[in-house]
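Take a look at the structure set out below.
When a residue number appears, it is its place in the shown sequence, counting from 1. Below, each value reflects all heavy atoms present in this structure, side chains not excepted, and no hydrogens, waters or symmetry copies.
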Amino acid sequence: MHELSVTQNIIKISSEEALKHNASKVKEIRIKVGELSGLIPSCIQYYFDIASQGTPVEGALLNIEKIPIAISCSNCNYEGNIKEKSYNCPVCESYNVKIIRGNEFLIDSLEVD
Ligand SMILES: [Zn+2]
């Protein structure tokens, strides 16, 4: 049910933005979702279609971009993406790493009419 509250948030924020810009219709909402956030884009879309009915964002296209996980290695100072399904450094294989990207969830932009 995590996606439902996230989706309600998207609708609330986007609707407020649309009103601020006197937009009658929101055509597209671009969202960035980190791979680590655990959010499933198809679930967000599903809830969006239901929960947006009667709001200014009803019928808007959800454009969900996945952000890959990136780490910073304390051992060799590598910074960047990791190999799929592994959480260690791809250069020196150390597990002494910090996650610097992949947890985010944000609304990138809105396209309005
Ligand atoms: Zn390393």
Side-chain angles (χ1 to χ4, degrees):
M1 288 309 272
H2 187 43
E3 275 86 0
L4 180 58
S5 59
V6 164
T7 307
Q8 284 168 332
N9 241 329
I10 297 171
I11 293 167
K12 184 169 170 283
I13 295 166
S14 312
S15 298
E16 284 168 2
E17 275 302 306
L19 289 174
K20 242 190 262 175
H21 294 94
N22 282 321
S24 56
K25 197 173 174 292
V26 175
K27 282 200 293 199
E28 188 177 342
I29 304 170
R30 282 186 280 271
I31 301 162
K32 290 189 172 173
V33 176
E35 266 175 23
L36 268 181
S37 69
L39 296 167
I40 303 160
S42 60
C43 277
I44 297 176
Q45 181 71 63
Y46 173 78
Y47 286 125
F48 183 83
D49 290 342
I50 297 167
S52 65
Q53 285 172 25
T55 75
V57 295
E58 183 179 351
L61 178 73
L62 271 191
N63 189 335
I64 302 170
E65 185 191 335
K66 276 208 157 192
I67 301 174
I69 301 163
I71 54 114
S72 158
C73 178
S74 309
N75 196 40
C76 72
N77 291 323
Y78 168 84
E79 264 192 19
N81 294 352
I82 52 173
K83 283 184 227 155
E84 212 172 323
K85 305 233 185 310
S86 65
Y87 290 92
N88 60 340
C89 175
V91 177
C92 71
E93 301 197 332
S94 165
Y95 279 91
N96 196 4
V97 298
K98 251 198 336 239
I99 288 161
I100 55 172
R101 202 162 55 230
N103 260 322
E104 50 275 271
F105 166 76
L106 51 100
I107 297 175
D108 192 34
S109 62
L110 293 183
E111 200 175 310
V112 295
D113 248 354

Side-chain donor-acceptor contacts of residues 8-18 below 3.5 Å, not counting sequence neighbours, with atom names and distances?
unit_1 : atom_1 : unit_2 : atom_2 : d
Ser14  : OG     : Ile10  : O      : 2.6
Ser15  : OG     : Ile11  : O      : 2.6
Glu17  : OE2    : Lys20  : NZ     : 2.9

Run the side-chain donor-acceptor check on residues 101-113: report pairs under 3.5 Å with partners two or more places apart or on a different chain.
unit_1 : atom_1 : unit_2 : atom_2 : d
Arg101 : NH2    : Asn81  : OD1    : 3.4
Glu104 : OE2    : Gly102 : N      : 2.5
Ser109 : OG     : Arg30  : NE     : 2.9
Ser109 : OG     : Arg30  : NH2    : 3.3

Taking only distance into account, with no hydrogens and no angle test, what donor-acceptor pairs under 3.5 Å do side-chain atoms of residues 49-61 form with protein atoms, sequence neighbours excluded?
unit_1 : atom_1 : unit_2 : atom_2 : d
Asp49  : OD1    : Gln45  : NE2    : 3.1
Ser52  : OG     : Phe48  : O      : 2.7
Gln53  : NE2    : Asp49  : O      : 3.3
Thr55  : OG1    : Ser52  : O      : 2.7
Thr55  : OG1    : Val57  : N      : 3.2
Glu58  : OE1    : Gly54  : N      : 2.8

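Between the side chain of Asn88 and the backbone N or O of Glu93, at least one donor-acceptor pair lies under 3.5 Å.
Under the salt bridge (Lys or Arg N to Asp or Glu O under 4.0 Å) criterion, Glu79 pairs with no residue at all, not counting sequence neighbours. Applying the side chain to side chain contact (heavy atoms under 4.5 Å, CB included) rule to Ser37 yields the partners Val33, Leu39; only residues at least two apart in sequence or on another chain are considered.
Rounded to the nearest 0.5 Å, atoms OH (Tyr47) and OG (Ser42) are 10.5 Å apart.
Listed by chain and number, the hydrophobic cluster partners of Leu19 come to none, as no ILVMFWY side chain reaches under 4.5 Å of it. The other members of the hydrophobic cluster of Val97, by chain and number, are Leu36, Ile69, Ile71, Tyr78, Ile82, Tyr87, Val91, Ile99 (side-chain heavy atoms under 4.5 Å, ILVMFWY only). Within the hydrophobic cluster formed by Ile, Leu, Val, Met, Phe, Trp and Tyr side chains joined at under 4.5 Å, directly or through other members, Ile67 stands alone, with no partner residue.
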Check the pair Cys73, Cys92 against side chain to side chain contact (heavy atoms under 4.5 Å, CB included), reporting the backbone distance first and the verdict last. CA-CA 9 Å; Cys73 178; Cys92 71; 3.7 Å; yes

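Sorted by first and then second residue, the side-chain hydrogen bond (donor to acceptor under 3.5 Å, both in side chains) pairs involving residues 63-72 (not counting sequence neighbours) are Glu28-Asn63.
The side-chain heavy atoms of Cys89 and Cys76, taken from C-beta on, include a pair separated by under 4.5 Å.
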